[in-house]
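Residues take their numbers from the sequence shown, with the count starting at 1. These numbers come from a predicted model, not from an experiment.
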Amino acid sequence: MSDGPWLVVGLGNPGPQYAGNRHNVGQMVLDELARRTGASFGSRSTGLLGRRPQAVTADVRLGTLPGGAPGPRVVLAKPTTYMNVSGGPVAALARYHDVPVERVVMVHDELDIPFADVRLKRGGGEGGHNGLRDTTKALGSKEYVRVRVGVGRPPGRQDPADFVLKDFSGAEKKDLPWLVDRAADAVEAVVLDGLEAAQLRFHTRS
């Protein structure tokens with residue numbers, strides 16, 4: 001892997017009323033990555049993003065390299081804007097930390113993947129995901145990595161927009177820690193081993 005930092009972004013909506021929503025699973029994954037590294041999120045970088053803080057960040061070393069050396073430098077970021085205007089903070093952080101689009105990793109909920117599955121890709125469409133759509137517009141490119149955390153389709157005729165803005169069901173909550181842990185592993189695999197190797201690992205049922 002080439003030198004230079006990565007930017008890993010967990011998408012979601014701000015405020016405690018949204019914290020447990022399916023739409024916020026990306027931020028749950030970022031919290032797990034911060035926990036693993038002993039880091040906490042602060043707003044040191046956000047003065048550069050405007051007068052009002054637009055993201056909280058943690059600057060970490062993620063994973064362990066062969067021989068036991070600390071893994072690559074990664075800026076973990078959780079936008080504090082609403083989901084549909086996530087792109088501005090992502091683009092500003094990428095510029096400030098000099099992160100090319102190929103090293104930007106977006107962690108987000110995905111309706112088109114069954115609950116508890118994790119899939120990885122670079123580029124492609126946004127699938128109606130407003131956070132990704134705004135990120136693509138702000139970065140001027142689709143070629144960032146997506147860690148897609150499956151939340152499944154809404155039951156019956158429930159509006160998908162309503163579905164993702166509700167908390168996980170009681171049954172889902174039992175498996176949610178495992179899902180968050182698996183998605184965090186996927187982020188580490190992308191950063192340490194590259195996208196193709198991570199895809200081979202996470203797209204194969206064990």
Are there more than 12 heavy atoms of other residues, nucleotides or ligands under 6.0 Å from atom CD of E143?
-> yes
When rounded to the nearest 0.5 angstrom, what distance separates [atom1] in [X] from [atom2] in [Y]?
{"X": "N84", "Y": "L11", "atom1": "CG", "atom2": "CG", "answer": "11.0 Å"}
{"X": "L111", "Y": "R22", "atom1": "CG", "atom2": "CZ", "answer": "9.5 Å"}
{"X": "D59", "Y": "R73", "atom1": "CG", "atom2": "CZ", "answer": "4.0 Å"}
{"X": "E188", "Y": "L62", "atom1": "CD", "atom2": "CG", "answer": "4.5 Å"}

So which pairs with a foot in residues 122-146 pass ring pair (Phe, Tyr, Trp, His ring centres under 6.0 Å), sequence neighbours left out?
-> H23-H129, H108-H129
Between the side chain of R146 and the main-chain N/O of L120, is any donor-acceptor distance below 3.5 Å?
-> no
Under 4.5 Å between any side-chain heavy atoms of K78 and P14, yes or no?
-> no
Is any NZ, NE, NH1 or NH2 atom of the basic residue among D181 and R36 found under 4.0 Å from an Asp or Glu carboxylate oxygen of the other?
-> yes
How would you list, by chain and number, every residue that makes a salt bridge (Lys or Arg N to Asp or Glu O under 4.0 Å) with R95, sequence neighbours excluded?
-> none
Going by atom type alone, with no hydrogens or angles, which donor-acceptor pairs under 3.5 Å involve a side-chain atom of residues 153-164 and a protein atom two or more places apart or on another chain?
from	atom 1	to	atom 2	distance (Å)
R153	NH1	D112	OD1	2.9
D159	OD1	A161	N	2.8

Side chain to side chain donor-acceptor pair (under 3.5 Å) partners of residues 8-20, not counting sequence neighbours, each pair once = none
Here the pair of heavy atoms bringing L93 nearest to A55 is CD1-CB, 4.0 Å
Counterpart residues, side chain to side chain donor-acceptor pair (under 3.5 Å), relative to K142 (two or more places apart) = E126
Among all residues two or more places apart in sequence or in another chain, which pass the ring-ring contact (aromatic ring centres under 6.0 Å, His included) test with F168?
-> F115
